[in-house]
Amino acid sequence: MRRHTHPRRAQVWPRAEVLLIARVGRRERARQLFTDLRHTGVKSQAIAPALLEFAKFEVEDKHFDEAIAILNDARSFHPAPSLLTQIDFLSAQAQYLARRFGRASADFEQIARSGSPWAKVALFNASTGWLQLGDHTRFLTDYGDLEKLGGDEGARADLRLEEGLVQAAKGDEKAAKSLQEFIHDFPKNPRVSEALVSLAELAFHASPPRLDEARKYLTRAGEAPTTQAAERGDYLDIWVEESSGGNEAKVIELAKRFLEQHGNSPFAPEVRMKLAELYYRRQDFANAQTQFELIAQQTPDNSLGEKAVFFAAESAMSSMGEHSLDRAIVLFDQVVRQNGALRWAARNEQAVIERKLGKPKDALALYDEVLTSDAGPSEKREALCGKGDIFFEMGTTDPNNYQRAIEIYDQLASDKDEPIHWRNQALFKKGLCLEKKSERASALATFYKILEEDTRPDRRRELFWYYKAGFNAARLLEEDSKWESAAAIYEKLAAAGGSRSEEAKARLTNLRLEHFLWTD
């Protein structure tokens, strides 16, 4: 949308000091004075220009409905025709910025038909409004009227490009054709680069992505890009390179270059997040933490900022640096104070750190806080399992803690609807506790529950705890010289087809050789 700029005439307005106050940045004081002026009982045409300024002030602060109401008040003072046109134009702008495109476009069309000197700008804005609504017929009508009024080529080119860009944003299949026609009809227009970047975006988001085509468009766009095309092109280049399976070092280089050249871009937080994730994936935890903390500083009040703080803490937790665990606790506590979606996950991670620091009682307190909170099922499962693990670890000094751990693991395993890996984990750890209590038969029976559960057709196969339970069950049987039973378990594990199948086959072979278990 184009805004009209009009030289301001020198006038002495009522309460003119309001304008000075607004310009020096005392916005709340200016708003109060403007409000007083609006509600004055004086009926004078001289108030209308001040109300126009007040409305501009509100539009700048994105108070669009308030601005429109003020402009309606200004009309009640019967301003001169030239001032009335300014009021009408600003009102249409406010409607447009409020995304009421139908009303805005109709108002702009009315201004264009009134013989206003701003007719061309009004027709341009009306056209873009119809584009936003997908009303191609009215867009073409206003575009044709603009040509008849002698609209300059730059304005017509902008509208044609806007047509393609809006269609692309809406996923309209006609977008590529509109953009190609713009490039053909206005080959020397500097905004051709923006059309090329948009075509690259369409190729990238196609199913399947056409990465080579996207690269070709980006290369052409890079020959003479506008500022906007350079920014969007450099941004897209990062994702194209990552999607092509290229080496991560190249993606990191592109992300760093983007942040150096477009640090104030609205895409910058997302790019920095990608850079931080890549560092984290490469186990470069120091650089990952730095990038995550920068995101948190720059976007503190949204979900991205919360996620960044959380992973900054995870990076510190994984780092080998001095005082890194202390820093992680501080960052996780910051996540908790934000009271967002990751609050209870952060508490669980703090408990893990306290366990690493040898403070089981502090960890238990944190887990209990999660368990008595409004945390979701996944966070509560994590806390319950962590609490059981602490009692298991404390069983070396007080064997009674093994029974406490068993009770907690039973609670975790009791829900048949729990995800299978949680149920299997709880049963496996319960089996370890029973073994520590010298209840070998009960331990073996508990391990068998996991092996039997795996055969249920209504359950998705889970192999990590399945293998751990199987190997532990086989070990107990071997220790009791029950070779055939142990061999049967190894056969079952070998047939599972997971990462430890070969290990099970090897153990089965050795067992058969050692104890002559070969059959005909």
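Model, not experiment: these values are computed from the prediction.
Counted within 6.0 Å of NZ on K482, heavy atoms from surrounding residues, nucleotides or ligands total 12 or fewer; the atom is thus considered open. In the displayed structure, E173 atom CD is contacted under 6.0 Å by at most 12 heavy atoms of other residues, nucleotides or ligands. The number of heavy-atom neighbours closer than 6.0 Å to NZ of K170, taken from other residues, nucleotides and ligands shown, is above 12.
Using a 4.5 Å heavy-atom cutoff, the side chains of C385 and K429 are in contact. Residues L432 and E435 meet the side-chain proximity criterion, which asks for heavy atoms closer than 4.5 Å.
Side-chain contact of N472 with Y467: a donor-acceptor pair under 3.5 Å is absent, judged by distance alone. Neither side chain, R337 nor Q334, offers a donor N or O lying under 3.5 Å from an acceptor on the other. Using modelled atom types, one finds a donor on one side chain and an acceptor on the other under 3.5 Å when comparing E462 with N424. In the model, E231 has a side-chain atom that pairs as donor or acceptor with a side-chain atom of S265 under 3.5 Å.
Residues G388 and A405 share a closest heavy-atom pair of O-CB, 3.5 Å. Smallest separation of non-hydrogen atoms from V197 and G233: CG1-N, 3.9 Å.
In terms of the side-chain hydrogen bond (donor to acceptor under 3.5 Å, both in side chains) criterion, N264 has no residue partners (sequence neighbours excluded). Applying the ring-ring contact (aromatic ring centres under 6.0 Å, His included) criterion to Y217, with sequence neighbours excluded, gives no partner residue. Residues that satisfy the side-chain hydrogen bond (donor to acceptor under 3.5 Å, both in side chains) test with E181, not counting sequence neighbours, are absent from this structure. Listed by chain and number, the residues in a side-chain hydrogen bond (donor to acceptor under 3.5 Å, both in side chains) with K505 are E502 (sequence neighbours excluded). When the ring-ring contact (aromatic ring centres under 6.0 Å, His included) test is applied to Y235, the partners found at least two apart in sequence or on another chain are W239, F267. When the side-chain hydrogen bond (donor to acceptor under 3.5 Å, both in side chains) test is applied to E213, the partners found at least two apart in sequence or on another chain are R210. For F285, the ring-ring contact (aromatic ring centres under 6.0 Å, His included) partners two or more places apart in sequence, or in a different chain, are Y280.
Between the CZ atom of R327 and the CG atom of L331 there is a distance of 4.0 Å, given to the nearest 0.5 Å.
By the 4.0 Å N-to-carboxylate-O rule, D368 lies too far from R347 to be salt-bridged with it. Using a cutoff of 4.0 Å between basic side-chain nitrogens and carboxylate oxygens, D362 and R355 are not scored as salt-bridged.
Legend: salt bridge (Lys or Arg N to Asp or Glu O under 4.0 Å) pairs involving residues 254-272, not counting sequence neighbours, sorted by first then second residue: E253-R257. Sorted by first then second residue, the ring pair (Phe, Tyr, Trp, His ring centres under 6.0 Å) pairs that include residues 163-185, not counting sequence neighbours, are F182-F186. Listed by first and then second residue, the salt bridge (Lys or Arg N to Asp or Glu O under 4.0 Å) pairs that reach into residues 276-290 are E248-R281, E248-R282, K274-E277, E277-K307, sequence neighbours excluded. Residues in residues 194-208 take part in these salt bridge (Lys or Arg N to Asp or Glu O under 4.0 Å) pairs, two or more places apart or across chains: R191-E194, E201-R232. Identified under the salt bridge (Lys or Arg N to Asp or Glu O under 4.0 Å) test for residues 215-228, with sequence neighbours left out: D212-R215.
Partner of F292 under the ring pair (Phe, Tyr, Trp, His ring centres under 6.0 Å) criterion, out of Y279, F311, F310: F311 alone.
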